[in-house]
J.: 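Pasting in a structure now, in structure tokens, and then I'll have a few things to ask.
Reckoned from all heavy atoms, side chains included, excluding hydrogens, waters and symmetry mates. Throughout, a chain's letter reflects where its sequence line sits, starting with A, and its residues are numbered from 1.
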Amino acid sequence: MHRVEVRLKSHLPDARGAGLVKDIRDLGIETVSDVRVVDIYWLDAELFPDKLDLICRGLLADPVIQDYVCDSAISTDTDSTSTRRVVEVTYNPGVMDPVEGTVMKAVRDLGIDNVRAVKTAKRYLIEGELNPEQVESICGKLLVNPIVEHIVGPDTVPFSEHPRYHFKLNHYYILDTDDSGLAEVRNDFSFSEPELQAIIDYFHELGRNPTDIELETLFQTWSEHCVHKTFKGKLSFAGAGIDNLMESSLTKVGQVFQWEGIRITIDNLLKSTIMRATQELAKPWCLSVFMDNAGVIEFDEKWALCFKVETHNHPSAVEPYGGAATGIGGVVRDPLGTGLGSKPILNTDVFCFAPPDFAHEKLPKGVLHPRRIFKGVRAGVADYGNRLGIPTLNGAVLFDERYLANPLVYCGTLGLMPRELSQRGQQQAGDLVVVVGGRTGRDGIHGVTFASEQLTEESSTLSFTSVQIGNPIVEKKVIDVLLQARDRSLYRRITDCGGGGLSSAVGEMAADTGVRVDLEKVPLKYAGLTYSEIWVSESQERMLIAVPPDCIDEIMELFDSENVEAAVIGEFTDDHQLRLFYHGELVCDLSMEFLHEGIPQMQLEAVWQPPYHAEPDFVSPNDLGGNLQKVLGTWNVCSKEWVIRQYDHEVQGGSVLKPLVGVNSDGPGDAVIIRPLLDSDRGVIVSNGINPKYSEIDPYWMAASAIDEALRQIIAVGGDLDRVALLDNFCWGDTRRPEMLGALVRAAQACHDMALVYRTPFISGKDSLNNEFEYEGNVIAIPHTLLISAIGIMADVNRAVSMDLKQAGDLIYIVGETWNEMGGSAYFAVHDLVGNSVPKVDAAKAKVLMDNLSTATGNGLVRACHDCSDGGLGVGIAEMAFAGGLGVVIHLEQVPLGEPVDRDDFVLFSESNSRFVVEVAPEDREEFEKTMGDTRWAVIGEVTGSGVLEVYGQDGHQVVAESLDRLKEAWQQPIRW
Amino acid sequence: MSKVRVLVLRAPGTNCDMETVFAFEQAGATANRVHINQLVRGYERLSDYQILVVPGGFTYGDDISAGRVLANEFRMGLGEDVPRFVEDGGLILGICNGFQVLVKAGILSVNGGSMPLTLTDNDSGRFECRWVNMVVNRTSPCVFTKGIDHMALPVAHAEGKVVTGNTVPDANIVLRYADEQGNCGAGYPHNPNGSMADIAGICDDTGRVFALMPHPERFVRGTQHPQWTRRSIGEQGDGLRIFQNAVRWAESL
């Protein structure tokens with residue numbers, strides 16, 4: 001055993017340490033002057049001094065900037081004599097640091113092959129007067145996450161033995177006369193009573209008791225995460241929304257909802273609303289919808305795009321870095337596992353956190369501080385996404401206290417594939433089951449059920465096996481070889497190993513054939529896994545393919561040529577059974593029919609009643625400049641540049657319109673545009689809409705607003721609605737409560753209604769329910785949060801428009817009507833109000849308006865365009881002005897109103913949907929106005945070179961005169977970390 | 001005349017290989033993506049190419065330190081092939097992670113290899129993606145930057161700070177970070193990583209081995225520039241000229 005310590009030469013600044021000093025200050029501890037980080041490597045080997053020296057000098061330490069010491073030469077950095085505190089942290093047993101594998105490989109490259117294992121640790125040298133509580137606070141809040149790490153002393157032996165597993169087949173005795181077997185099942189699994197009854201009936205018919213792995217398989221396959229049983233359930237809906245439902249086109253087309261007096265029965269909400277809209281629109285360019293791992297649309301005659309967004313909320317709550325990293329790793333495998341495989345070309349990330357200034361002392365036990373969650377999630381997503389070489393271009397970060405223990409982490413990936421490979425493959429009996437990529441460990445056991453259950457104070461200790469450290473390079477290698485194998489037609493079908501592990505992946509792939517798997521053939525990270533753990537493990541970076549026997553040698557050779565691990569673990573059959581073996585012993589024998597069709601439909605109650613919130617009791621302030629600064633500086637509106645810059649948004653060379661735009665590349669762009677094929681002018685526009693704040697008033701208009709917002713952004717950058725596809729991602733509280741489910745019904749209904757009018761089909765989606773947290777008897781549910789992600793095809797990217805103002809003297813238009821719609825607005829939020837007048841969407845009118853505006857941008861008549869969203873016209877015009885570095889004057893009396901709005905503050909900050917601020921050159925005025933036709937628009941001002949934003953109120957006097965520097969500073973300051 | 005052949009090296013974690021191939025193709029060369037194993041196992045020979053590129057990415061995850069493990073593999077697996085390739089007149093270009101690899105493998109040698117030189121964590125302690133301006137040293141022997149005065153390119157890295165033991169001879173410093181007016185010493189964010197002497201790119205003593213942290217392959221056409229919706233940028237991007245210079249030089253061999 002050898003221990004090597006590598007540290008920066010003492011005269012060099014330690015950038016990692018400097019970051020920690022800042023983080024420690026954020027904890028309110030001011031006495032720490034310096035932190036230095038020492039990298040520690042443990043080598044499990046007996047090496048001659050020259051070999052050890054070769055490893056240190058040639059590999060572990062950089063002689064220009066680092067020093068190293070080994071073994072006996074190490075003098076411990078004691079903290080007894082001075083103000084220095086020493087903390088050494090390593091990963092828990094079973095948590096694999098990817099660096100360990102890399103060091104092993106590099107040591108072998110050096111010609112040294114007797115190192116059995118490597119383990120890493122980090123030692124932090126903290127300088128400053130600290131009391132024991134402060135040290136504990138620094139360790140607990142910054143240095144150590146007990147879910148994956150622990151503190152070690154200098155002489156701890158880090159290599160733990162993994163005990164061997166001795167096979168023993170376990171049964172649950174549910175058919176016995178006494179109820180103890182059933183009680184055990186109830187204790188070990190959270191099946192609903194109807195589900196349990198279906199299982200009893202099935203095994204009763206078979207005349208035998210189930211094995212543990214059979215129940216595990218059913219539990220995974222029937223989990224909310226895998227089967228979306230709430231959305232597919234039979235719902236009985238009542239309440240205020242019912243009038244609205246009656247008027248909805250849903251009921252007009254009949255058959256969807258069955259009326260029973262004042263209640264409506266909805267049989268499968270997903271099929272009745274979101275999927276139904278897609279079906280009715282029947283767009284020929286939708287190539288594969290709601291059936292594969294991602295939705296697929298046509299890009300051009302030769303290429304197709306697929307798009308998927310997922311959530312990784314609960315893992316990110318307990319281990320933000322690992323949870324978020326595996327979130328992006330997981331969603332990237334969706335496009336890779338769609339059709340016959342697509343290349344990931346863009347990532348999108350949307351996060352919802354509690355405010356970063358949340359008081360530490362108010363934090364519930366077992367909950368990480370939102371700032372730590374934010375930083376950890378951002379780092380996890382960036383480290384994984386950047387390493388995969390996928391540009392992270394689109395996203396959003398939202399804040400609300402109710403995300404405190406339930407942060408939301410949405411990760412999405414866009415993929416590109418040959419059009420003719422866009423359909424899901426079909427294996428044949430005799431094809432081999434091959435698992436490719438990462439090895440299987442005890443990672444993420446029961447991750448899907450963890451994802452579907454409520455978090456409690458104990459979650460962070462109970463769920464430790466649910467989180468793992470991702471290894472993006474393994475995934476990158478898998479992508480590299482699988483795309484080559486795809487192009488050589490070496491497999492017939494592909495899917496990802498995600499939630500539910502092999503259990504879900506193999507079970508789903510073999511649903512219409514049957515399969516036998518030899519579980520001992522699955523490559524393991526370490527010994528000791530039971531047959532059942534192998535089957536349900538959610539270890540990352542694994543893909544599953546069906547390989548014809550005559551291709552197996554060629555494909556295994558291909559994997560070997562790039563050092564990618566793969567193993568044949570079984571074969572597909574035609575017996576429609578799931579048969580699993582462990583060293584020849586049959587451990588699972590389930591019929592595919594029962595596995596996939598046997599789950600009883602959920603019966604659920606749903607109700608919705610509109611709430612009432614207080615209305616403002618103040619008059620419109622004379623000076624709105626201060627209010628504008630406040631709104632710009634709210635967590636939700638402020639600049640997210642700190643996040644965006646840490647993502648690579650240029651890799652792959654396709655970015656045409658970047659997330660940050662303007663004269664200093666720091667303005668908030670609307671949608672982003674990429675060019676997937678570098679030699680073509682055809683592009684993809686990617687945008688998102690998310691407005692959880694409106695769901696406090698009405699989830700229907702929340703969902704409608706989210707769709708409108710996603711589409712507005714596409715229009716704002718020069719796109720059109722001709723070929724736009726949507727994804728839905730619902731994150732909700734516990735839908736077993738009728739009012740939660742009622743809200744979900746209303747939101748889903750809006751998705752249907754809006755998609756039909758805008759003629760923009762949904763192509764895929766996902767839901768994450770039970771986002772609640774129990775704390776001292778109180779249940780905190782997240783706001784109903786629907787993320788709408790949109791992709792649009794752009795025929796010519798040279799037509800793109802950015803939101804920054806371009807030229808003094810140009811005209812400023814507002815397009816669309818402004819209503820008295822302050823409910824849920826950013827302006828009301830700074831006044832601690834919610835209100836009731838939620839922004840609505842008149843989609844039929846908005847469609848005409850957007851189509852006309854598309855024509856105008858397509859004809860080159862638009863210099864800059866920005867949509868009005870959070871903070872309304874006020875924030876929109878301010879952002880355009882400081883992004884362009886110019887100046888602007890606008891007059892509120894010119895703003896076209898949908899109804900009388902007699903307050904300047906309301907006109908400036910109303911968040912009415914379907915509105916745009918547009919810059920037009922004076923010479924294009926006539927042409928632009930002709931193109932916009934009889935939609936509502938008006939010239940409200942002009943671009944100046946003054947560096948000042950001036951706003952004049954409805955009675956003509958000035959209500960805002962703010963320098964753009966001040967406005968920009970207010971907007972940039974909050975997250976300038 | 002047959003086309004110039006470019007070997008774009010791939011290793012686990014390389015991720016800028018496709019756009020680097022595209023850039024060389026735009027410059028008129030034939031570019032092949034070749035995995036390091038194919039070279040080490042002898043299925044491909046370096047001597048069949050005129051230009052070797054180590055493109056950007058996170059080879060081996062930047063584990064230990066960026067470029068370290070691939071550099072090790074270069075030294076152990078390719079041995080004398082690389083120095084011989086340079087001796088025979090071949091060109092080597094390292095971009096971003098490729099810069100880190102070439103330096104740590106000792107391939108990019110300054111003063112005959114006696115100059116202690118490495119790349120380490122950005123002063124900000126963060127990965128950063130942003131566009132930077134650079135001025136080109138017209139007196140350097142670098143064949144890749146002939147005729148170029150200044151460039152704008154994006155950087156995207158966490159370990160791009162050049163650290164040297166001694167003062168790097170001026171001739172070896174090819175690119176320096178600068179502000180929009182071309183002034184060096186402008187500080188962060190113009191120098192995005194705290195690099196000593198604002199060094200963004202250096203060449204070896206022959207001028208045929210060149211490495212830089214910014215990504216020229218990400219700016220080969222105008223619409224890749226962040227300002228193209230504001231002002232006229234032109235059809236071609238600044239980065240393209242680096243590839244054109246390399247191909248032109250190799251054609252003359």
Side-chain angles (χ1 to χ4, degrees), chain A residues 12-16 18-19 58-60 62-65 98-99 102-103 105-106 109-111 382-383 386-390 471-473 476-477 480 561-563 644-658 660-663 665 675 678-679 797-798 800-802 804 806 884, chain B residues 10 12-16 18-19 22-23 35 37-38 41 43 56-65 68-69 72-73 75-77 104 116-118 120-131 154 156 158 161 163-165 194 215 217-221 223-224 226-231:
Chain A
L12 293 171
D14 185 329
R16 281 186 295 179
L59 184 66
L60 300 179
D62 183 329
V64 181
I65 52 168
V99 175
T102 309
V103 174
K105 178 238 158 20
D109 285 347
L110 287 171
D383 282 359
N386 290 347
R387 276 170 175 71
L388 287 181
I390 304 168
N471 190 336
I473 300 307
K476 176 73 169 104
K477 291 199 296 184
D480 288 350
S561 75
E562 302 201 2
N563 308 102
I644 298 166
R645 287 247 174 266
Q646 297 185 65
Y647 298 137
D648 191 343
H649 33 84
E650 302 280 355
V651 64
Q652 298 194 14
S655 82
V656 172
L657 205 58
K658 303 166 204 291
L660 295 167
V661 300
V663 66
S665 295
R675 178 202 305 269
L678 294 177
D679 57 357
V797 295
N798 297 301
V801 173
S802 58
D804 45 308
K806 306 290 190 305
Chain B
R10 278 200 310 126
T14 301
N15 63 32
C16 303
M18 298 288 226
E19 52 271 40
F22 179 76
H35 196 276
N37 284 351
Q38 290 172 277
R41 295 176 189 180
Y43 301 125
F58 287 83
T59 51
Y60 298 102
D62 277 3
D63 296 346
I64 307 174
S65 80
R68 190 80 185 164
V69 176
N72 192 39
E73 208 170 359
R75 283 186 291 135
M76 305 308 294
K104 292 174 188 182
L117 182 74
T118 195
T120 187
D121 294 338
N122 296 350
D123 276 352
S124 67
R126 296 194 289 263
F127 177 97
E128 283 192 50
C129 179
R130 61 168 73 246
W131 281 67
K161 178 182 177 175
V163 178
T164 64
H215 287 270
E217 81 284 7
R218 296 184 185 181
F219 189 31
V220 295
R221 56 196 297 174
T223 48
Q224 290 169 317
Q227 303 283 313
W228 78 268
T229 56
R230 290 189 65 80
R231 56 186 169 90

J.: What part of B:Thr14 is in contact with chain A, defined as an atom under 4.5 angstrom from a non-hydrogen atom: side chain, backbone, both or neither?
T.: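 The backbone, not the side chain.
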
J.: Among the options A:Pro472, A:Ala800, A:Ala18, pick out the one with the most heavy-atom pairs lying under 4.5 Å from chain B.
T.: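 Among A:Pro472, A:Ala800, A:Ala18, the one with the most close pairs to chain B is A:Ala800.
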
J.: Is chain A contacted by the side chain of B:Phe22, its backbone, both, or neither, given a heavy-atom distance below 4.5 Å?
T.: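 Answer is side chain: those atoms of B:Phe22 sit under 4.5 Å from chain A.
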
J.: With rounding to the nearest 0.5 Å, note down the distance linking CG in A:Leu59 to CE in B:Met76.
T.: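 Answer rounded to 0.5 Å: 10.5 Å.
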
J.: Find the one option among A:Gln652, A:Glu650, A:Lys477 whose heavy-atom pairs under 4.5 Å with chain B are most numerous.
T.: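 Most heavy-atom pairs within the cutoff with chain B belong to A:Glu650.
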
J.: Would you mind checking which part of A:Asn798 comes under 4.5 Å of any heavy atom in chain B, side chain (CB onward), backbone (N, CA, C, O), both or neither?
T.: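 Contact with chain B involves both backbone and side-chain atoms of A:Asn798.
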
J.: Under 3.5 Å, is there a donor-acceptor pair between the side chain of B:Asn37 and the main chain of A:Ser561?
T.: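 Yes, the answer is positive, given that a donor and an acceptor are paired below the 3.5 Å cut-off.
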
J.: Apply the side-chain contact (heavy atoms from CB on, under 4.5 Å) test between A:Asp62 and each candidate in B:Val163, B:Ile64, B:Thr120, B:Thr118; give the one that qualifies.
T.: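 Considering B:Val163, B:Ile64, B:Thr120, B:Thr118, a side-chain contact (heavy atoms from CB on, under 4.5 Å) with A:Asp62 is found only for B:Thr118.
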
J.: Contact part of B:Pro12 toward chain A, heavy-atom cut-off under 4.5 Å: side chain, backbone, both or neither?
T.: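 Backbone plus side chain of B:Pro12, per the 4.5 Å heavy-atom cut-off to chain A.
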
J.: For B:Ser65, is it the side chain, the backbone, both or neither that has a heavy atom under 4.5 Å from a heavy atom of chain A?
T.: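 Neither part; nothing is under 4.5 Å.
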
J.: Are any side-chain N or O atoms of B:Gln227 and backbone N or O atoms of A:Gly662, one a donor and one an acceptor, separated by less than 3.5 Å?
T.: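 Yes; judged by distance alone, with no hydrogens or angles, the pair exists.
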
J.: Please state whether the side chain, the backbone, both or neither of B:Glu73 comes within less than 4.5 Å of a heavy atom of chain A.
T.: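 Its backbone and side chain both get close to chain A.
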
J.: For B:Arg231, is it the side chain, the backbone, both or neither that has a heavy atom under 4.5 Å from a heavy atom of chain A?
T.: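 It is neither, since no heavy atom gets under 4.5 Å.
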
